[in-house]
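Each chain gets a letter, A, B and so on, in the order its sequence line appears, and its residues count up from 1.
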Amino acid sequence: MEYNFKEIEKKWQAVWDDEKAFAATNDYSKPKFFGLVEFPYPSGQGLHVGHPRSYTALDIISRKKRLQGYNVLYPMGWDAFGLPTENYAIKNHIHPEIVTEKNVANFKRQLKALGFSFDWDREVNTTDPAYYKWTQWIFLQLFKKGLAYKKKMSVNWCTSCKCVLANEEVVNGVCERCGSEVIHKDKEQWMLKITEYAQRLIDDLADVNYIERVKTSQINWIGRSVGAEVDFATTAGDNLRIYTTRPDTLFGATYMVISPEHPLIDKWKDLLSNFDEVMAYRAEAARKSDFERTELVKDKTGVKLSGVTAINPVNNTEIPVFVSDYVLMTYGTGAIMAVPAHDTRDYDFAKAFSLPIIEVVAGGDIEKEAFTDCQTGIMVNSGFLNGMSVEEAKKAIVQWLEKEKKGYPKVNFKLRDWVFSRQRYWGEPIPMVYCEKCGWVPLDDSELPLKLPEVEHYEPTDNGESPLATIEDWVNTTCPHCKGPAKRETDTMPQWAGSSWYFLRYCDPDNVNALAAKEALNYWMPVDWYNGGMEHTTLHLLYSRFWHKFLYDIGVVNTAEPYSKRTSHGMILGENGEKMSKSRGNVVNPDDIINDYGADTMRLYEMFIGDFEKAAPWSTSSIRGCKRFLDKIWNLQEIVVDGDYRKELESSIYKTIKKVGDDIEAMKFNTAIAAMMTLLNEIGETKAITRGEYRTLLILLNPFAPHITEEIWQNLGFEGRVYQQAWPEVDESKCKDDVIEVIVQLNGKLRDKLKIAADASKDDMLKAAYALEKVASGIEGKTVVKEIVVPGRLVNIVVK
RNA sequence: GCCGCUGUGGCGGAACAGGCAGACGCAAGGGACUUAAAAUCCCUCGGUGGCAACACCGUACCGGUUCGAUUCCGGUCAGCGGCACCA
């Protein structure tokens with residue numbers, strides 16, 4: 001009998017579809033398991049070998065949970081709005097909807113060919129109006145709660161995509177997607193107040209089981225800092241408010257710096273004798289792209305304001321005010337007090353402009369460089385703070401500031417509000433209408449979904465308007481409020497919108513009255529285990545946590561966090577150890593692997609390739625090892641005999657059951673497979689396998705290689721299907737061997753081993769050790785100083 | 001600059017509440033079967049020395065704790081990833 005994987009895999013995929021083998025049931029009395037993988041963007045290139053790494057891992061976990069009696073929801077869908085599809089549509093004059101349909105069909109074919117146990121009855125698609133109706137609905141709720149607002153602001157503008165980007169989408173000053181230059185542009189944009197949730201997004205990480213690096217990345221990204229805002233009086237009469245994390249160093253503030261965009265500059269126009277120079281500097285700063293601005297980090301530039309000076313509140317010293325682009329308008333108050341003695345940037349600036357440098361924390365050498373490592377130390381040159389520790393000084397100065405009404409404690413975040421508008425066609429229309437009389441008015445819920453209009457051209461316009469802006473009979477509408485003439489919002493939502501809540505839709509995908517029924521959400525949420533890429537840590541993962549918290553606040557969902565566990569897989573690299581890419585020519589196509597080796601081998605190899613959390617290079621020759629393993633499993637059919645576990649194999653089998661089960665939970669798939677290989681080798685040595693042993697082996701292997709195990713199961717005439725069986729129980733008492741091997745050391749070095757009863761006493765072990773010839777010769781003529789005996793493990797004799 | 005992670009055979013990788021370093025697999029070499037090849041099966045496979053039993057060295061580098069360190073601690077070097085003028 002030949003292992004014909006092509007035939008077998010096709011056969012069982014059809015059987016599973018037919019039997020709806022992996023459909024989650026709505027029996028809410030059973031224990032549930034919600035396993036989730038990031039739904040893919042259905043690109044024209046099809047599946048990448050990286051996708052199945054994550055999908056196989058959670059498929060294994062989901063299949064095991066089913067065998068353990070859980071009601072499992074393991075769904076799949078399509079995050080199908082987005083630029084590549086739109087660009088392809090523009091280039092080839094095909095409607096993006098048709099492109100999407102084609103790509104989805106291809107992806108689905110590939111996923112089915114890998115035998116994943118997705119519940120295809122719950123498939124979702126973000127571009128389906130029945131789905132994006134609820135994306136729009138959530139937006140309207142955000143608007144109604146004041147968390148969506150329109151604001152004219154400087155935004156990141158990709159010169160090639162002709163589209164606004166969120167801060168998160170700008171990488172090293174260029175567009176994350178196309179690599180083109182990103183410049184600043186003033187535009188009216190819809191914004192979402194994610195900043196309102198900043199503190200909770202940090203705090204609630206304590207309640208979820210995410211891998212540590214995801215937590216730290218999110219915490220760093222949100223960037224909480226504790227300090228104070230302080231008002232400096234100015235000769236212009238206005239207070240200049242600054243933010244600092246080091247109010248204790250106030251006596252060391254020898255000048256101030258405000259951002260080029262700071263509004264006080266315009267207010268002070270008539271007071272500034274060098275206003276023109278300041279404006280020229282502002283224009284220069286605006287012209288610079290983010291890339292240039294960060295490239296020029298070393299050289300500090302700036303202009304001193306002539307005509308206005310500030311007064312340091314602690315000592316009434318008059319200090320100059322500068323404009324410099326090293327101070328950002330978007331953080332704090334857009335103004336700082338400069339303490340050059342204890343800040344590298346201020347130090348550089350002070351040196352460049354020959355400004356005084358006053359040490360206020362003792363310990364450094366400010367002649368040479370800024371002393372920044374000053375969280376501890378003693379205050380000097382600081383009036384009433386002198387002699388205090390930094391910690392005491394922080395408290396004392398804030399108390400003083402509050403008493404004098406010149407400042408107060410303040411917490412700041414690096415996190416910015418989320419720029420939510422895109423000037424593109426292929427996204428969810430924002431369901432808002434602008435009325436001259438009523439302002440921005442939300443559509444009524446009954447008008448959802450607001451569908452994308454059919455258009456001839458999807459090209460973005462050069463003036464930065466969305467393609468939708470040119471469709472007059474769509475744009476012109478009536479105001480839902482006053483029924484007067486009004487215009488629709490023509491921007492669409494970013495790709496992150498649809499993916500911010502998709503897991504909720506899986507709970508009840510066909511609901512027309514709500515994004516999902518309350519009972520379904522209460523039962524299935526939170527997601528028990530979510531696996532995905534590290535690249536989504538500060539984008540999708542943070543955005544979806546924010547939306548979920550909002551939905552929690554308005555009573556839609558009953559958990560404050562969407563995911564109780566988050567893990568992450570390493571990338572699969574090309575055979576040469578570099579990232580797979582078309583330009584490097586090292587891309588592996590899953591279709592080829594399935595064709596040459598079969599889906600079971602492909603799945604097994606992707607799990608065996610290495611530590612799941614780490615990147616690993618692809619190796620075509622190593623796949624053969626996994627294929628050989630399955631061949632051997634198959635060939636066991638020729639030596640099968642009646643019977644249950646044989647005595648000599650019993651403990652190995654129980655140990656393997658335990659190891660495979662534990663390793664799956666710990667995502668140590670590589671060692672789980674190794675354990676099964678070891679057991680197979682052991683069985684192989686006996687030239688026979690009993691039906692009882694085979695049965696267990698097939699169940700253990702089934703989550704990894706579902707097709708071949710079902711086929712053998714059927715061939716052997718076992719009842720039902722493997723997927724309907726129960727995961728084998730571990731009999732702990734039978735995992736133990738009666739006789740164990742103990743290592744014997746002299747001075748910590750291995751000298752010999754001995755076989756002894758597992759429950760031998762320390763004395764027995766020691767006696768047995770001394771009886772060894774190598775021990776006897778090793779201690780001859782020496783004194784025994786110490787004897788260390790670890791029961792069940794080792795004997796170590798220390799001699800001098 | 002800051003934060004995080006990683007350094008183990010020819011390769012992917014095991015092992016670490018401190019206790020046999022190199023499980024499992026790949027590649028390589030030798031042998032069996034075969035007219036031959038593929039497939040399969042058996043053996044060898046970190047280094048040095050030795051005919052051998054065996055000995056010594058070996059988990060990036062230097063040091064420490066310990067009877068014993070790949071594992072813990074301190075320092076150095078290298079690589080990867082993220083953030084980056086955030087006051």
Side-chain angles (χ1 to χ4, degrees), chain A residues 171-172 212-217 219-221 223-225 227 242-247 249 253 256-257 259 290 293-294 296-300 324-328 330-339 342-346 348-349 372 412-416 534-535 537-538 570-571 573 575 577 604-605 608-611 613-626 628-629 631-632 635 668 670-681 684 741-753 774 784-790 792-800:
Chain A
V171 177
N172 295 327
E212 217 44 46
R213 57 198 167 122
V214 169
K215 285 192 184 183
T216 39
S217 293
I219 290 168
N220 290 343
W221 183 263
R224 183 180 193 266
S225 72
I242 60 100
Y243 173 69
T244 178
T245 55
R246 295 302 300 269
T249 62
M256 303 184 76
V257 187
S259 155
D290 280 346
R293 225 162 141 159
T294 49
L296 298 169
V297 148
K298 291 154 208 114
D299 304 317
K300 293 279 177 287
S324 174
D325 64 3
Y326 85 84
V327 172
L328 309 172
T330 50
Y331 185 77
T333 61
I336 62 157
M337 65 172 195
V339 184
H342 302 288
D343 182 284
T344 319
R345 294 152 305 174
D346 296 346
D348 293 347
F349 192 89
T372 56
N412 253 322
F413 298 94
K414 288 191 209 172
L415 187 70
R416 301 269 71 83
M534 278 307 287
E535 71 274 18
T537 303
T538 53
M571 229 190 307
L573 306 170
E575 202 129 13
L604 205 61
Y605 175 63
F608 190 61
I609 191 167
D611 185 336
E613 286 201 11
K614 290 193 201 133
W618 186 266
S619 162
T620 304
S621 61
S622 290
I623 297 173
R624 261 176 249 149
C626 291
R628 275 178 207 152
F629 171 65
D631 283 339
K632 287 180 197 168
N635 292 333
K668 291 163 78 178
N670 52 341
T671 50
I673 295 166
M676 289 187 280
M677 287 172 165
T678 308
L679 180 63
L680 172 74
N681 291 343
E741 200 171 61
V742 166
I743 57 164
V744 180
Q745 299 178 331
L746 284 184
N747 292 341
K749 277 189 180 171
L750 179 71
R751 276 301 110 119
D752 208 347
K753 299 170 189 178
K774 280 179 192 154
V784 174
V785 184
K786 203 170 180 181
E787 293 161 336
I788 293 133
V789 181
V790 183
R793 280 215 130 120
L794 91 162
V795 176
N796 184 18
I797 298 163
V798 186
V799 292
K800 248 199 323 217

So what does A/Asn681 hit on the nucleic acid, given a heavy-atom distance under 4.0 Å: a base, only sugar-phosphate, or nothing? sugar-phosphate
Could you tell me whether A/Thr216 contacts a base, only the sugar-phosphate backbone, or nothing, with contacts defined as non-hydrogen atoms closer than 4.0 Å? nothing
Please work out if A/Ser225 contacts a base, only the sugar-phosphate, or nothing of the nucleic acid, heavy-atom cut-off 4.0 Å. sugar-phosphate
Please determine, for B/A27, whether a Watson-Crick or G-U wobble partner exists with both distances under 3.5 Å, and give it or none. none
Over all strands shown, is A/Thr245 touching base, sugar-phosphate only, or nothing at heavy-atom distances under 4.0 angstrom? sugar-phosphate
Mind checking the CG-CD1 spacing from A/Asn747 to A/Ile797? Nearest 0.5 Å is all I need. 9.5 Å
Which base sits across from B/A69 as a Watson-Crick or G-U pair, both distances under 3.5 Å? none
Is it the case that the side chain of A/Glu575 and the backbone of A/Thr620 share a donor-acceptor pair, with hydrogens and angles ignored and the cut-off at 3.5 Å? yes
Pairing partner (Watson-Crick or G-U wobble, both distances under 3.5 angstrom) of B/U40: B/A32
Whole angstrom is fine here: how far is it from NZ in A/Lys414 over to P in B/A84? 7 Å
Rounded to the nearest 0.5 Å, what's the gap from OG1 on A/Thr344 to NZ on A/Lys300? Could you check? 9.0 Å
With a cut-off of less than 4.0 Å, is there a side-chain N or O of A/Lys774 near OP1 or OP2 of B/C54? yes
Base, sugar-phosphate, or nothing for A/Ser619, non-hydrogen atoms under 4.0 angstrom? nothing
Identified pairing partner of B/G81, criterion: Watson-Crick or G-U wobble below 3.5 Å: B/C3
Have a look at A/Leu794 and say if it touches a base, only the backbone sugar-phosphate, or nothing, with a 4.0 Å heavy-atom cut-off. base
Using Watson-Crick or G-U wobble geometry with both distances under 3.5 Å, which nucleotide pairs with B/A21? none
Under 3.5 Å on both distances, the Watson-Crick or G-U partner of B/G46: B/C57
For A/Lys749 and B/C57, is the shortest distance between a side-chain N/O and OP1 or OP2 below 4.0 Å? yes
Base partner of B/A14, which must satisfy Watson-Crick or wobble distances under 3.5 Å: none
Using only atom types and a distance under 3.5 Å, with no angle test, would you say the side chain of A/Asn635 pairs donor to acceptor with the backbone of A/Asp631? yes
Would you mind classifying the nucleic acid contact of A/Arg751 as base, sugar-phosphate or nothing, using non-hydrogen atoms under 4.0 angstrom? sugar-phosphate
Roughly, in whole Å, what's the span from CG in A/Asp348 to P in B/A87? 17 Å
Whole-Å distance separating the CG atom of A/Asp611 from the C1' atom of B/C11: 17 Å
Is the A/Trp618 ring parallel, tilted or perpendicular to the A/Tyr605 ring (thresholds 30°, 60°)? perpendicular
